[in-house]
Amino acid sequence: MANKKITAWDRVEIARNPKRKTALDYIENIFDEFIELHGDRNFKDDKAIVCGLARIGKQNFTVIAEQKGRTTKENIERNFGMPNPESYRKAIRFMKQAEKFKRPVITFIDTKGAYPGIGAEERGQGEAIAKSMFEMAKLKVPIIAIVIGEGSSGGALAIGVANKVIMLENAIYSILSPEGYSSILWKDSSKYKEAAEKMKLTAKDLYDLEVIDKVIKETKEDNEENFRKVVNSLKREINTTITEMNRLNTEDIVQNRYEKFRNMGEFIKL
């Protein structure tokens, strides 16, 4: 019997699986050392985004990662992985620090979207997302963005302006959820499976559209051996990319990022 084809909606369900590895799982296994840093020096330390200093061998990095919880308690503490404005302002703070000390930036994307609550809007959610993208666009150090799970809406795009965008095979990356797309386009949220196909949100779709640069293979079996294979692939990709980017001067790094997104926009318009 032939293997059942994995649909776009199947990928969505895999990406949303509460047992799927989180950003901290990847950080712990990719880097030799990680020290978390806290706070936006303005309001509070929002735990939906984790920031810190990391190291692979002699190469130092700044890490910015959207973090979901597994238990109800962890999800409440992490705001279900939906960042508030202070998360993005914390991220900006450490991006600028990375630039000062010439550390490449690695971001891990995994969120349903930025938190849409009244408090978040009052504290400037839209401005914080836009400012994060603006600062990333002109940052003078290499940036690698890795989509590890659910990459949805401005909450994901806010930390996705990178020189290289990598996706795990079973991750998704889109402007909103299939349910939201279906509700807006057809006024019927029950058509989410059809919406998922039309949105081109899978890693293969986005690679074909040249939105992302690399797909990291995953297997169906969710076990430690296969997780280790994914970790090793990501580690190799990070090391290779940073070795290449370190040969460029700061102007070329910024120009490389600008041209990537400029060309992407022209390609998608066609």
- Give a yes or no answer on whether the side chain of Asn249 reaches the backbone of Asp252 with a donor-acceptor pair at less than 3.5 Å.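 Yes, the answer is positive, given that a donor and an acceptor are paired below the 3.5 Å cut-off.
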
- Query: Hey, does the side chain of Ser174 reach the backbone of Leu201 with a donor-acceptor pair shorter than 3.5 angstrom?
  - Reply: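 No; zero donor-acceptor contacts below 3.5 Å.
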
If we count only N and O atoms by modelled type, under 3.5 Å, do the side chains of [X] and [Y] hold a donor and an acceptor together?
| X | Y | answer |
| --- | --- | --- |
| Thr7 | Asp10 | yes |
| Glu259 | Gln255 | yes |
| Asn170 | Arg11 | yes |
| Thr22 | Asp25 | yes |

If the threshold is 4.0 Å, N to carboxylate O, is there a salt bridge linking [X] and [Y]?
| X | Y | answer |
| --- | --- | --- |
| Asp46 | Lys90 | no |
| Glu99 | Lys140 | no |
| Arg20 | Glu218 | yes |

- Any Val215 side-chain heavy atom under 4.5 Å of Lys204 side chain: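 In short, these two side chains do not touch, never coming nearer than 4.5 Å.
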
- For Leu53 and Phe101, what are the C-alpha separation, side-chain angles and deciding distance, and is it a side-chain contact (heavy atoms from CB on, under 4.5 Å)? CA-CA 11 Å; Leu53 308 178; Phe101 292 102; over 6 Å; no

Nearest 0.5 Å, what's the [atom1]-[atom2] distance between [X] and [Y]?
| X | Y | atom1 | atom2 | result |
| --- | --- | --- | --- | --- |
| Gln59 | Asn246 | CD | CG | 5.5 Å |
| Leu168 | Lys214 | CG | NZ | 12.5 Å |
| Leu234 | Ile106 | CG | CD1 | 10.0 Å |

Do other residues, nucleotides or ligands put more than 12 heavy atoms under 6.0 Å from [X] [atom1]?
| X | atom1 | answer |
| --- | --- | --- |
| Lys164 | NZ | yes |
| Lys217 | NZ | no |
| Lys21 | NZ | yes |
| Tyr207 | OH | no |

- Sort and list the pairs that fulfil salt bridge (charged side-chain N to carboxylate O under 4.0 Å, His left out) and have at least one residue in residues 57-67, not counting sequence neighbours.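 Qualifying pairs, neighbours excluded: none.
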
- Answer yes or no for Arg89 and Phe43: cation-pi contact, defined as NZ/CZ to six-membered ring centre under 6.0 Å and angle to ring axis within 45°.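 Geometry flag: not set, cation outside 6.0 Å or 45°.
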
- Query: What heavy-atom pair brings Val161 and Arg257 nearest, and what distance separates the two atoms?
  - Reply: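 Val161 and Arg257 have their closest heavy atoms at O-CD, 3.6 Å.
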
- Item | Residue list, salt bridge (Lys or Arg N to Asp or Glu O under 4.0 Å) with Glu122, at least two apart or on another chain |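 With neighbours one apart ignored, the set is empty.
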
I'd like a table of donor-acceptor pairs (distance under 3.5 Å, sequence neighbours excluded) in which one partner is a side-chain atom from residues 190-198, with atom names and distances.
{"unit_1": "Ser190", "atom_1": "OG", "unit_2": "Asp188", "atom_2": "OD1", "d": "2.5"}
{"unit_1": "Ser190", "atom_1": "OG", "unit_2": "Asp188", "atom_2": "OD2", "d": "3.1"}
{"unit_1": "Glu197", "atom_1": "OE2", "unit_2": "Ala8", "atom_2": "N", "d": "3.1"}

- I would like to know whether Asp40 and Arg93 meet salt bridge (charged side-chain N to carboxylate O under 4.0 Å, His left out); could you show each step before the answer? CA-CA 7 Å; Asp40 69 343; Arg93 176 188 162 206; over 6 Å; no

